[in-house]
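Letters go in sequence order (proteins before strands), and every chain restarts at 1. Note that the structure is a prediction, hence the values are computed from the model and not measured. Because only heavy atoms are used, hydrogens play no part in the values below, and waters and symmetry mates are left out as well, while side chains stay in.
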Amino acid sequence: MALRFYNTITNKKEDFVPLEKGKVGIYVCGITAYDMCHIGHARSAVVFDVIFKYFKYRGFDVTYVKNFTDVDDKIIAKANAEGTDIIEISERYIKEHNKDMDKFGIARPTITPKATENIQGMIRLVSDLIEKGLAYVVDGDVYYSVKKFQGYGKLSGRNIDEMMAGARIEVDEKKKNPLDFILWKSAKEGEPWWVSPWGRGRPGWHIECSVMSQRFLGETFDIHGGGRDLIFPHHENEIAQSEGATGKTFARYWIHNGFIRVNQEKMSKSLGNIFNMREAMERYHPEVLRMFMLHSHYRSPVDFSEESLADARLGMERFYDTLRNIERYLAMDVDFSAVSPRNLTSGDEEMYNKIRSLPERFIEAMDDDFNTARALGYIFDAVRVINGYYTDKTFKATKESLFVLNEGKTIMREVGNVLGLFMEEPDEYFEQDRRREAEKLGLDIDEIESLIKERWEARVARDWRKADEIRDLLISKKIILKDMHDRTSWSVA
RNA sequence: GGCGGCAUAGCCAAGUGGCUAAGGCAGCGGUCUGCAAAACCGUUAUUCACCGGUUCGAAUCCGGUUGCCGCCUCCA
């Protein structure tokens with residue numbers, strides 16, 4: 001079956017046929033580097049990170065380009081406010097971006113170009129558009145003449161006349177048409193500039209993506225992505241610029257991710273309901289945040305709330321609990337290296353085959369518009385099957401059964417690699433989780449552990465009353481105990 | 001004002017023409033356990049906002065109603 005996904009420009013799911021067999025080129029609009037990343041940036045990053053990794057998993061040779069906008073009004077404003085230049089500001093936030101993204105388990109894209117490294121290319125493209133009659137110069141500014149481009153509006157599903165009837169179009173004396181957008185801005189006092197045929201100035205926002213995508217992926221390339229809000233005007237304008245200049249199709253497939261909402265509203269600076277990535281990662285393990293995002297389809301909006309994060313945390317706990325149990329068995333030091341699927345007998349063989357079916361189910365889900373929610377459902381199925389296997393009374397740790405359990409771990413890691421989940425050692429995961437949760441509740445870990453030790457001694461002495469008293473005390477502090485044959489583990493409810 | 005999206009159990013969430021409407025959380029009954037917790041087994045939507053229509057057949061397609069949201073301004 002073919003990999004298919006929703007293409008914004010046609011409004012339907014389509015089979016993916018790459019330009020060149022076995023290869024895929026993806027361009028995604030990255031951040032404007034003037035502030036810390038918030039979880040909305042994280043969602044977009046996760047969506048395309050998973051798409052990037054999935055293409056690789058399916059054997060594609062992927063070139064993934066994600067840019068940094070490092071010259072822009074907001075960066076200039078911040079630089080002026082701090083009495084520094086745009087380079088310092090953008091460098092600072094690119095560094096912070098990389099720190100956050102690394103911690104979030106986002107793989108670095110193949111190429112991460114910056115706008116300021118591509119100014120000459122932008123000047124060439126703008127000149128080209130002027131020559132073709134698609135752009136005009138007014139007092140050192142260059143505008144794109146929207147009416148001159150036939151396909152304007154084809155991505156966002158609008159037409160120029162309808163938009164003209166709209167009530168919220170700014171009036172700019174210099175523009176021939178209110179919808180015309182700026183390609184090159186003349187420099188004002190205190191602004192950075194580059195020399196151009198139209199005088200000193202700097203590029204408009206949209207032009208950089210046309211230039212950098214073409215430079216690294218070609219005039220026509222496979223996939224262009226970004227957040228939903230970029231469809232109009234940003235991506236619409238990129239099409240106008242690129243196709244206007246080359247006369248060729250720009251991106252063949254468009255992928256747009258949905259937003260993170262807070263209380264049913266879009267998370268945005270103007271509403272003041274932003275959660276930044278760093279703070280979110282202090283409160284939740286990055287994989288919990290990924291789980292929360294991946295549990296809904298990438299095009300749907302998702303509501304960021306304590307409840308949904310708590311849900312995602314419980315889900316991760318379930319996954320890691322299974323992985324931890326598998327690890328315990330594998331630590332039994334039984335050599336199963338000589339075992340092959342062929343010398344398994346009935347029960348083990350059946351289980352092995354069930355476990356082995358996970359990757360194909362995972363592919364079936366992911367091939368259908370990157371359906372991570374369905375894929376997660378399949379992983380939960382696999383976890384239930386594995387848990388049932390080793391908790392069955394007849395289960396014995398033999399080299400065959402450990403071989404099967406090891407396969408379960410391998411398979412979970414295999415699909416987890418694509419989703420960016422289960423990257424942690426289970427014990428380390430739970431350790432981190434306890435620390436994080438204890439901190440949220442202001443609990444003292446040493447105190448908890450000494451109480452648990454005391455209770456363990458009471459249990460060894462079969463002093464159930466004392467043991468239960470201690471447990472009740474801990475429960476009142478939201479500490480849940482789990483007695484195992486050799487020790488008691490704990491977690492925060 | 002223009003354009004577009006969404007509405008599935010107590011909650012989150014897949015499913016977009018046809019086997020019993022995935023999965024997670026919570027709940028209930030059981031197994032296990034000193035008792036718990038976790039795990040496992042069973043159970044929890046005759047029904048997919050509402051009203052009509054198309055079809056042998058619709059949560060899925062069409063029309064209408066209601067509600068929520070997004071884009072049209074920087075925005076992932």
Side-chain angles (χ1 to χ4, degrees), chain A residues 11 13 28-32 34-35 37-48 72-74 153 156-159 161-170 179 205 225-234 236 256-261 264-270 274 291-292 295-297 299-303 305 307-319 321-322 324-325 361 365 368 371-381 383-393 459 462-465 467-468 471-472 475 479-484 488-491 493:
Chain A
N11 285 309
K13 279 190 209 172
V28 173
C29 294
I31 59 153
T32 298
Y34 75 106
D35 207 346
C37 288
H38 54 70
I39 55 168
H41 296 117
R43 184 182 194 192
S44 185
V46 165
V47 166
F48 292 103
D72 153 280
D73 290 350
K74 294 183 293 293
S156 53
R158 307 156 194 248
N159 69 58
D161 296 332
E162 275 168 1
M163 285 188 278
M164 289 297 291
R168 301 171 67 185
I169 292 172
E170 65 184 283
L179 291 168
W205 174 37
R228 273 197 83 80
D229 55 343
L230 297 181
I231 295 173
F232 190 88
H234 186 53
E236 196 68 70
H256 292 96
N257 67 275
F259 285 119
I260 297 227
R261 306 196 301 194
Q264 308 288 302
E265 278 180 322
K266 177 182 171 179
M267 193 180 71
S268 70
K269 296 221 162 170
S270 46
I274 299 280
M291 170 80 180
F292 154 72
H295 150 264
S296 304
H297 188 90
R299 273 186 284 116
S300 310
V302 289
D303 228 80
S305 67
E307 293 75 21
S308 49
L309 270 300
D311 246 31
R313 173 172 168 258
L314 289 169
M316 287 312 296
E317 206 167 296
R318 191 166 157 77
F319 288 139
D321 202 41
T322 295
R324 177 167 62 175
N325 288 328
R361 299 179 86 202
D368 186 10
N371 197 329
T372 54
R374 202 195 295 160
L376 283 167
Y378 292 156
I379 303 174
F380 277 115
D381 282 340
V383 159
R384 183 166 15 83
V385 164
I386 294 168
N387 287 341
Y389 178 62
Y390 65 71
T391 54
D392 192 281
K393 275 181 191 149
R459 291 185 72 232
R462 303 183 80 67
D463 183 353
W464 306 126
R465 214 169 63 105
D468 290 353
R471 185 171 57 196
D472 289 344
I475 285 172
I479 305 294
I480 302 298
L481 301 184
K482 199 187 280 190
D483 291 329
M484 300 191 278
T488 294
S489 76
W490 64 278
S491 61

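Straight-line distance between the P atoms of A59(B) and C51(B): roughly 13 Å, to the nearest whole Å. To the nearest whole angstrom, the two P atoms, one in U47(B) and one in A14(B), are 23 Å apart. Across A21(B) and U43(B), the matching P atoms stand 13 Å from one another, rounded to whole Å. Taking the P atom of each, G63(B) and C72(B) are spaced 27 Å apart, rounded to whole Å. To the nearest whole angstrom, the two C1' atoms, one in G15(B) and one in G24(B), are 16 Å apart. Rounded to whole Å, the P atom of C12(B) lies 22 Å from the corresponding atom of C71(B). Here, G2(B) and A45(B) have their C1' atoms 39 Å apart, quoted to the whole Å. Separation of the C1' atoms belonging to A38(B) and A49(B) is 39 Å when rounded to the nearest angstrom.
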Pairs under 3.5 Å (N/O, protein and nucleotides 27-30 of chain B):
none

Any protein N or O atoms within reach of nucleotides 9-15 of chain B? Criterion: under 3.5 Å, listing atom names and distances.
{"unit_1": "C12(B)", "atom_1": "O2", "unit_2": "His295(A)", "atom_2": "NE2", "d": "3.2"}
{"unit_1": "A13(B)", "atom_1": "O4'", "unit_2": "His295(A)", "atom_2": "NE2", "d": "3.4"}
{"unit_1": "A14(B)", "atom_1": "OP1", "unit_2": "His297(A)", "atom_2": "N", "d": "2.7"}
{"unit_1": "A14(B)", "atom_1": "O3'", "unit_2": "Asn371(A)", "atom_2": "ND2", "d": "2.9"}
{"unit_1": "G15(B)", "atom_1": "OP1", "unit_2": "Asn371(A)", "atom_2": "ND2", "d": "2.8"}

Please list, pair by pair, any protein nitrogen or oxygen found under 3.5 Å from a nitrogen or oxygen in nucleotides 37-43 of chain B.
{"unit_1": "A38(B)", "atom_1": "O2'", "unit_2": "Asp321(A)", "atom_2": "OD2", "d": "2.8"}
{"unit_1": "A38(B)", "atom_1": "O2'", "unit_2": "Lys482(A)", "atom_2": "NZ", "d": "3.3"}
{"unit_1": "A39(B)", "atom_1": "OP1", "unit_2": "Arg318(A)", "atom_2": "NH1", "d": "3.3"}
{"unit_1": "A39(B)", "atom_1": "O3'", "unit_2": "Asn387(A)", "atom_2": "ND2", "d": "3.1"}
{"unit_1": "C40(B)", "atom_1": "OP1", "unit_2": "Arg318(A)", "atom_2": "NH2", "d": "3.2"}
{"unit_1": "C40(B)", "atom_1": "OP1", "unit_2": "Asn387(A)", "atom_2": "ND2", "d": "3.3"}
{"unit_1": "C40(B)", "atom_1": "OP2", "unit_2": "Arg318(A)", "atom_2": "NH1", "d": "3.3"}

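The backbone N or O of Asp321(A) lies less than 3.5 Å from a partner atom in the side chain of Asn325(A), making a donor-acceptor pair. Looking only at distances, no side-chain donor or acceptor of Ser44(A) sits under 3.5 Å from a matching main-chain atom of His41(A).
Mapping Gly315(A) and Asp229(A) onto RNA chain B by nearest heavy atom places Gly315(A) closer to the 5' end of the strand. Closest-nucleotide positions on RNA chain B for Ser156(A) and Leu230(A) were compared, and the one nearer the 5' end corresponds to Ser156(A).
In this structure, CG of Leu314(A) is placed 13 Å from P of G24(B), rounded to the nearest angstrom. In this structure, His38(A) places its NE2 atom 11 Å from C1' of C74(B), rounding to the nearest Å. If you take CZ of Arg43(A) and C1' of C75(B), they are 15 Å apart, rounded to a whole angstrom. Remark: P of G1(B) and CG of Asn159(A) are 18 Å apart, rounded to the nearest angstrom. The interatomic distance linking Ile231(A) (CD1) with G4(B) (C1') rounds to 9 Å, in whole Å. Rounded to whole angstrom, the span from the CG atom of Asp463(A) across to the C1' atom of G34(B) amounts to 12 Å. For Asp161(A) and C3(B), the CG to P distance is 13 Å, given to the nearest whole Å. The distance between atom CZ of Phe292(A) and atom P of C25(B), rounded to the nearest whole Å, is 17 Å.
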* Structure fact -> Nucleotide by nucleotide, nucleotides 58-63 of chain B touches protein heavy atoms under 4.0 Å in the pattern (B base, S sugar-phosphate only, - none) ------
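Both distances falling under 3.5 Å, in either a Watson-Crick or a G-U wobble arrangement, occur for no nucleotide opposite C35(B). Remark: C19(B) base-pairs with no nucleotide in the shown strands. Criterion, Watson-Crick or G-U wobble with two distances under 3.5 Å. With both pairing distances under 3.5 Å, A58(B) is matched to nothing as a Watson-Crick or G-U wobble pair. Shown here, C48(B) forms no base pair; nothing in the strands shown gives a Watson-Crick or G-U wobble contact with both key distances under 3.5 Å. Across all strands shown, G42(B) forms a Watson-Crick or G-U wobble pair with C28(B), both key distances being under 3.5 Å. The partner of G67(B) is C6(B), judged by Watson-Crick or G-U wobble contacts that both fall below 3.5 Å.
With sequence neighbours left out, Phe292(A) forms a ring-ring contact (aromatic ring centres under 6.0 Å, His included) with Phe304(A). Legend: residues meeting side-chain hydrogen bond (donor to acceptor under 3.5 Å, both in side chains) with Asp381(A), ordered by chain and number and at least two apart, are Arg361(A), Arg384(A). Scanning for salt bridge (charged side-chain N to carboxylate O under 4.0 Å, His left out) contacts around Asp463(A) gives an empty result, with sequence neighbours left out. Tyr34(A) meets the ring-ring contact (aromatic ring centres under 6.0 Å, His included) test with no other residue; sequence neighbours excluded. The side-chain hydrogen bond (donor to acceptor under 3.5 Å, both in side chains) test applied to His234(A) returns His206(A), Glu238(A), not counting sequence neighbours. With sequence neighbours left out, Arg228(A) forms a side-chain hydrogen bond (donor to acceptor under 3.5 Å, both in side chains) with no residue at all. Scanning for side-chain contact (heavy atoms from CB on, under 4.5 Å) contacts around Asp483(A) gives Arg455(A), Arg459(A), Arg471(A), Thr488(A), with sequence neighbours left out. Applying the side-chain hydrogen bond (donor to acceptor under 3.5 Å, both in side chains) test to Asp311(A) and every residue at least two apart in sequence or in another chain returns nothing.
Using a 4.0 Å heavy-atom distance criterion, Gly227(A) is classed as a sugar-phosphate-only contact. Residue contacts for Ile475(A): at a heavy-atom cut-off of 4.0 Å it reaches no nucleic acid atom on any strand shown.
Judged by distance alone with a 3.5 Å cut-off, a donor-acceptor contact links the side chain of Lys266(A) to the base of C75(B). Residue-to-nucleotide contacts include a donor-acceptor pair under 3.5 Å from the side chain of Arg459(A) to the base of G34(B).
Lacking a ring centre under 5.5 Å from that of the base six-membered ring together with a plane angle below 30°, Phe380(A) does not count as stacked on G23(B).
Between Met267(A) and His38(A), some side-chain heavy-atom pair lies under the 4.5 Å cut-off. Side-chain contact between His295(A) and Thr372(A) is absent, with no heavy atoms from C-beta onward closer than 4.5 Å. Looking only at side-chain heavy atoms (C-beta outward), Ser308(A) and Asp303(A) stay at 4.5 Å or farther from each other. Within the 4.5 Å cutoff, the side chain of Lys482(A) has no heavy atoms near those of the Ser491(A) side chain.
For the OP1/OP2 pair of A36(B) and a distance below 4.0 Å, the side-chain nitrogens and oxygens of Trp464(A) include no atom meeting the criterion.
Distance check, rounded to the nearest 0.5 Å: CG of Leu179(A) to CD of Glu236(A) gives 10.5 Å.
In this model, no donor atom of one side chain and acceptor atom of the other lie less than 3.5 Å apart for Thr32(A) and Asp72(A). For the residue pair Asn387(A)/Tyr390(A), the side-chain donor-acceptor check at 3.5 Å is satisfied.
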